[in-house]
Amino acid sequence: MTFRKLVDEVQQLISTALFNLGHPGHKFELLDPPKPEFGDLSSNIAFELSKLYDAKPYQFAQEFVESYLSPIIKDEHEKGFLSMISSVEAHPGGYINFRVNNDTFSEITLSKAIEDPSYGFWDVGKGKRVNLEHTSVNPNKALHVGHLRNVILGDVIYRILQFTNHKVRVLNYVDDSGLQVADIIVAFKFAGFPVEPPRKPMKFDRYCGDYVYVKINELYLTNPSLQEKRRYILKELEAGQSEIAKFASAIVLRVLRDQVTTCWRMKAHYDLVNFESQIVLSDLWETTFDWLKDKRLVRLTMEGKNAGCWTIRPERQGDEEKVIVRSDGTLTYIAKDIPYAAWKVGYVNDPFSYREFSGQWDNTVLWTTTLDISQNENKHPEFASADKAITVIDSRQSRLQCIIASILSKIQQSDNIYMHLGYEPVSLSSRTAHNLGTTIDDKRSIQMSGRKGIQVNADDLIDLVKLKAHEEVSSRNPSYPKEKLDTLAESIAVSALRYNLIKYDLDKNIIFDITESINLNGDTGPYLQYAYARAQRILEKSSEKYCKVSLSLLNSEPEIGIIKVISKFDLVVENAARSLKPKIIAKYIHALATSFNVFYETTPVLKESNREVRIARISLIWAFCKCLEVASYLLGIQPLKEM
RNA sequence: GGGCCCAUAGUUCAGCUUGGAUAGAAUGGCUGCCUGCGGAGCAGUUGGUCGAGGGUUCGAGUCCCUCUGGGCCCGCCA
């Protein structure tokens, strides 16, 4: 909040000076100086304007500061305005550097952080309604690390958007009528696989994915008649009413519940699960197909290799036309995605009823669509027709997502109504692949494959990190009861994994390595939790409480360091929300924790003899904790009072 | 053949949107710091021709072009 105020004031100041100089509205930028000795905020205005005056940037800067900026500051100070800026100077490098008034700055920063219930809030969304789709894993297998990246990215985006006043609904789309489901149904119905896992306890999603799905794919190679069965099953699934379809539906629900259990374990939140089969069975496709024809976005191809198919015209030159309805009248994969996308943003009437699917970990209700009107529960939230749809799915789907986005953008002239939030997939390091029994020649990494069983299972991974966390916690706190150790280890494991999956840029291919993933030191989730636990211990042991004291006593570098970070929180949140980059919050919170750890090592609090100073430092720690709590919430990391 | 993404320290990555000050973290190696609030920490040190070449600019890790290396996508599969 506070840093934003400084920026505003400096902006205002320079604008006024530019007006006086005779260049009103001239473009300039304010940026963070790379070093503390350059002040708190810098402007490049001298580089811009010196050209016009045929002067060196430094020369111009000096003149500008002396004759235009300083007089205004002085004047305003006399009138009692501009409380934030304490000084301005021209640097030989050419920048004009501003310094903040530390006393006022600390005062406002800390009281805001401690007292303001909406600390960190910035209204980016203005109540805009967003349908955010993520996870959407085929319901025939358990989640692996790659899926976790999707879940966590999606969930952090959800948290950030929700926090910045977007009305977000999180959708998990279930492809229950596709080939992958058909595969395991073939296995159960025609290849003699038992429906119950032979070795209990084993999660059902795990059994279907790691065993049934892998084995049936091996059987296809030696038994072609099984492959024909697959076609048959697929048709049954799309028709929807047969015994096979009902059987499949039961299997899908069982797998889905197990998958969602893993996601809940990672503290992901959902609002709605919807099923592809229902989109096919509803009139959603017909309606959508009608307006596609109306708008002349599709055409019946008469000749060439796609004769008899309905196709979408190529978007760019060189692209091929895309079949959406086959010559036998059945729908392709992308065809099923178009009505879903149209439904998300309200381009078609909502054919669904809604009923409760389940409660979930955060005491909210997870809903599901149904075509059975009698099951509709009136109190359901509004799901269809959001102002914007965001789909989190990896970049291998870019081409298809691009086609969907371009179709929707042609309906109304709004470009951003449908957005694909892509990211590069997770692959396995050669070492990890080797540990899984796969040789990959001399390649650096290998793509995961559910069909071949080359993957790192998500539950296994959480358990593995948890085991390491458990060792660490119990060695430090041998007296903790069993349940407490377990809860703490779980929370630490989740924070380590969540942090690890969002700290990288979306366009970075994560090469996952098991050995590295269990590291709990350095730039990791537990580092943040540890800083918080240390801070909490001081607050717990202190008899002082936060109260209004002279915060000018907080003038050491470590103290000011924390205050500077805290003061920028809302700017960081705004930036993350606008650019949809969760990584930005991760970088911030790491900087926040580091600033505290530096303070902690250098500055005594409980042992400080001067009571005023002690109270000021306690206040600082309060503010730090508040800031870390809110930022951690955005990442889905739980701050721990002890660990 | 067409398209998308990546390349910065031994390793994993920030920084590129909007060009500007001595290119930053983490990790690894080495060295210090617990009879001081929790050492999952802190400090120091080591380590970089920012893939190559050209261009634009007073100024390029950042913008443009070409090339090289790596990943991915391009079916009447899903």
Side-chain angles (χ1 to χ4, degrees), chain A residues 27 29 31 33-35 37-38 42 44 46-47 50-51 56-57 91-95 97 138 175 177-182 234 276 301 305-311 316-320 322-334 336 394-400 402 422-425 427 443-445 447 469 472-473 476-477 492 496 503-511 513 516 519-524 526-531 533-542 579 583 587 590-591 593-594 596-608 617 621 642-643:
Chain A
K27 190 182 126 216
E29 271 162 46
L31 24 103
K35 304 265 170 189
E37 58 263 35
F38 297 148
S42 300
N44 66 344
F47 293 105
S50 57
K51 295 171 192 166
K56 291 229 163 96
H91 187 271
Y95 283 97
N97 296 334
N138 271 310
D175 181 1
S177 57
L179 206 60
Q180 296 202 12
V181 169
L234 213 48
E276 184 179 82
T301 305
K305 59 174 184 165
N306 294 331
C309 300
W310 287 87
T311 58
R316 285 166 304 210
Q317 266 193 335
D319 283 3
E320 298 205 0
K322 188 83 199 161
V323 174
I324 64 166
V325 181
R326 303 188 187 99
S327 50
D328 66 1
T330 57
L331 307 183
T332 61
Y333 173 64
I334 185 169
K336 298 174 191 172
D394 78 54
S395 61
R396 286 173 296 196
Q397 298 284 337
S398 292
R399 189 175 286 258
L400 293 181
C402 186
Y423 60 91
E424 293 292 313
S427 48
K443 293 174 96 178
R444 241 178 109 224
S445 62
Q447 272 203 66
E472 297 278 337
V473 185
R476 287 173 175 75
N477 311 282
I492 291 165
K503 73 172 180 177
Y504 302 108
D505 220 335
L506 298 179
D507 51 22
K508 223 58 146 183
N509 186 350
I510 295 183
I511 298 176
D513 188 88
E516 279 171 23
N519 177 27
L520 306 178
N521 301 333
D523 187 12
T524 65
Y527 176 86
L528 316 173
Q529 293 174 306
Y530 185 67
R534 286 171 131 187
Q536 283 296 311
R537 195 72 345 97
I538 295 178
L539 294 182
E540 185 187 284
K541 290 182 180 171
S542 166
S579 58
K583 174 192 76 178
K587 295 285 164 209
H590 182 256
T594 302
F596 174 79
N597 277 332
V598 172
F599 164 81
Y600 186 91
E601 297 286 340
T602 55
T603 319
V605 179
L606 300 176
K607 302 266 155 59
E608 170 59 47
R617 288 180 185 160
I621 296 175
E642 47 195 2
M643 61 190 280

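Letters A, B, ... are given to chains in the order of the sequence lines, protein chains preceding strands, and every chain is numbered from 1. Source: prediction; values computed, not measured.
- Within 4.0 Å (heavy atoms only), A/A307 reaches at least one base atom of the nucleic acid.
- Counted by atom type alone, A/Q447 and A/R396 present one or more donor-acceptor pairs between their side chains at under 3.5 Å.
- Of the two residues near RNA chain B, A/S395 and A/T603, the one whose nearest nucleotide lies more 5' is A/T603.
- Across all strands, A/L400 comes closer than 4.0 Å to base atoms (heavy-atom distances).
- Atom CZ of A/F47 and atom C1' of B/U18 are 14 Å apart (whole Å).
- Side-chain contact, A/D505 with A/Y423: no donor N or O sits under 3.5 Å from an acceptor N or O.
- The closest side-chain donor-acceptor pair between A/E276 and A/S177 falls under 3.5 angstrom.
- For B/C76, the base has a donor-acceptor partner in the side chain of A/S327 [N/O atoms by modelled type, under 3.5 angstrom].
- Base contact: A/I492 has a heavy atom under 4.0 Å from a base atom.
- Shown here, B/G1 forms a base pair with B/C74; the pair counts as Watson-Crick or G-U wobble because both key distances fall under 3.5 Å.
- The side chain of A/R326 contributes an N or O atom lying less than 4.0 Å from OP1 or OP2 of B/A78.
- When heavy atoms are screened at a 4.0 angstrom cut-off, A/S42 is found touching base atoms of the nucleic acid.
- You'll find that the side chain of A/N306 is closest to B/C76, out of B/C76, B/G41, B/A78.
- Dashed line: the shortest gap from a side-chain N or O of A/Y530 to OP1 or OP2 of B/A40 is under 4.0 Å.
- A/V598 comes within 4.0 angstrom of sugar-phosphate atoms only, judged by non-hydrogen atoms across all strands, and of no base.
- Using Watson-Crick or G-U wobble geometry with both donor-acceptor distances under 3.5 Å, B/U35 finds no partner in any strand shown.
- Pairing partner, B/C30: B/G44, with both Watson-Crick or wobble hydrogen-bond distances short of 3.5 Å.
- Taking atom C1' in both B/A14 and B/C34, one finds a spacing of 32 Å when rounded to whole Å.
- Between the P atoms of B/G61 and B/G71, the separation comes to 28 Å (whole Å).
- Using P as the reference atom, B/G10 and B/U49 are 7 Å apart when rounded to the nearest Å.
- With hydrogens and angles ignored, a donor-acceptor pair closer than 3.5 Å exists between the side chain of A/R537 and the base of B/G38.
- In this structure, A/I538 reaches the bases: a heavy-atom distance under 4.0 Å links it to at least one base atom across the strands shown.
- The separation between A/R476 atom CZ and B/G41 atom P is 9 Å, rounded to whole Å.
- Pairing of B/U49, defined by two Watson-Crick or G-U wobble distances under 3.5 Å, is not identified with any nucleotide.
- No contact: A/Q180 has no heavy atom under 4.0 Å from any strand.
- Of the side-chain N and O atoms in A/K583, one or more sit less than 4.0 angstrom from OP1 or OP2 of B/G15.
- Backbone-only engagement by A/D175 is indicated by non-hydrogen atom pairs under 4.0 Å involving sugar-phosphate atoms exclusively.
- Counting any heavy atom pair closer than 4.0 Å across all strands shown, A/N97 reaches a base atom.
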| query | Checking salt bridge (charged side-chain N to carboxylate O under 4.0 Å, His left out) for the pair A/E642/A/R534: CA distance, chi angles, key distance, verdict? | reply | CA-CA 8 Å; A/E642 47 195 2; A/R534 286 171 131 187; over 6 Å; no
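- Closest approach to the A/D505 side chain among B/C37, B/G15, B/A78 is made by B/G15 (side chain taken as heavy atoms from C-beta onward).
- Residue A/R396 places none of its side-chain N or O atoms closer than 4.0 Å to OP1 or OP2 of B/C74.
- With rounding to whole Å, A/L331 atom CG is found 13 Å from B/A78 atom C1'.
- Not a single donor-acceptor contact under 3.5 angstrom links the side-chain atoms of A/T524 to the base of B/A40.
- As the counterpart of B/G59, no nucleotide is assigned, since no Watson-Crick or G-U wobble pattern has both distances under 3.5 Å.
- Comparing atom distances between the A/T332 side chain and each of B/A40, B/U18, B/A78 picks out B/A78 as nearest.
- A/K305 meets the side chain to side chain contact (heavy atoms under 4.5 Å, CB included) test with A/E320; sequence neighbours excluded.
- Note that OG1 of A/T332 is 14.0 Å distant from CH2 of A/W310, once rounded to the nearest 0.5 Å.
- Base orientation of B/C34: syn (glycosidic angle within 90° of 0).
- At least one donor-acceptor pair under 3.5 Å links the side chain of A/D513 to the backbone N or O of A/E516.
- Side chain of A/R476 to backbone of A/E472: a donor-acceptor contact under 3.5 angstrom is found.
- Across all strands, A/D513 comes closer than 4.0 Å to no nucleic acid atom at all (heavy-atom distances).
- One finds a side-chain N or O of A/Y527 lying less than 4.0 angstrom from the OP1 or OP2 phosphate oxygen of B/C42.
- Using N1 to N3 plus N6-O4 or O6-N4 for Watson-Crick, or N1-O2 and O6-N3 for G-U wobble, each under 3.5 Å, B/A7 pairs with B/U68.
- Minimum atom distance to the side chain of A/P34 is reached by B/A21, of the listed B/U18, B/A21, B/G41.
- Distance check on atom P: B/G3 versus B/C67 gives 11 Å, rounded to whole Å.
- An OP1 or OP2 oxygen of B/G71 is reached within less than 4.0 angstrom by no side-chain nitrogen or oxygen of A/Q447.
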| task | Determine, stepwise, if the pair A/S42 / A/N97 fulfils side-chain hydrogen bond (donor to acceptor under 3.5 Å, both in side chains). | result | CA-CA 4 Å; A/S42 300; A/N97 296 334; 2.7 Å; yes
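- Position along RNA chain B of the nearest nucleotide to A/G93 versus A/P425 favours A/G93 as the more 5'-ward residue.
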| field | Where protein sits on nucleotides 22-36 of chain B, one letter per nucleotide: B base, S sugar-phosphate only, - none, heavy atoms under 4.0 Å | value | B--SSS--------S
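- Comparing B/C6, B/G71, B/A21 by their closest approach to the side chain of A/P33 singles out B/A21.
- If you check every strand for non-hydrogen atoms under 4.0 Å, A/V473 touches a base.
- Distance noted for atom P between B/G54 and B/G19: 23 Å (whole Å).
- Rounded to whole angstrom, the span from the CD atom of A/E424 across to the P atom of B/G70 amounts to 16 Å.
- Across the C1' atoms, B/U17 and B/C63 are found 11 Å apart, a figure rounded to whole Å.
- Taking atom C1' in both B/A78 and B/C73, one finds a spacing of 15 Å when rounded to whole Å.
- Nucleotide B/U22 forms no Watson-Crick or G-U wobble pair with any nucleotide shown, as no partner meets the under 3.5 Å limit on both distances.
- Taking the six-membered ring for Trp and thresholds of 30 and 60 degrees, A/F38 and A/H91 have ring planes more than 60 degrees apart, a perpendicular arrangement.
- Here A/N44 lies out of heavy-atom contact (under 4.0 Å) with every strand.
- A salt bridge is absent between A/R326 and A/D328: the closest approach of a Lys/Arg side-chain nitrogen to an acidic carboxylate oxygen does not fall below 4.0 angstrom.
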| task | Would you sort out whether A/D175 and A/Y333 count as a side-chain hydrogen bond (donor to acceptor under 3.5 Å, both in side chains), showing the intermediate values? | result | CA-CA 10 Å; A/D175 181 1; A/Y333 173 64; 5.9 Å; no
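- For B/C4 and B/U11, the P atoms lie 29 Å apart once the distance is rounded to whole Å.
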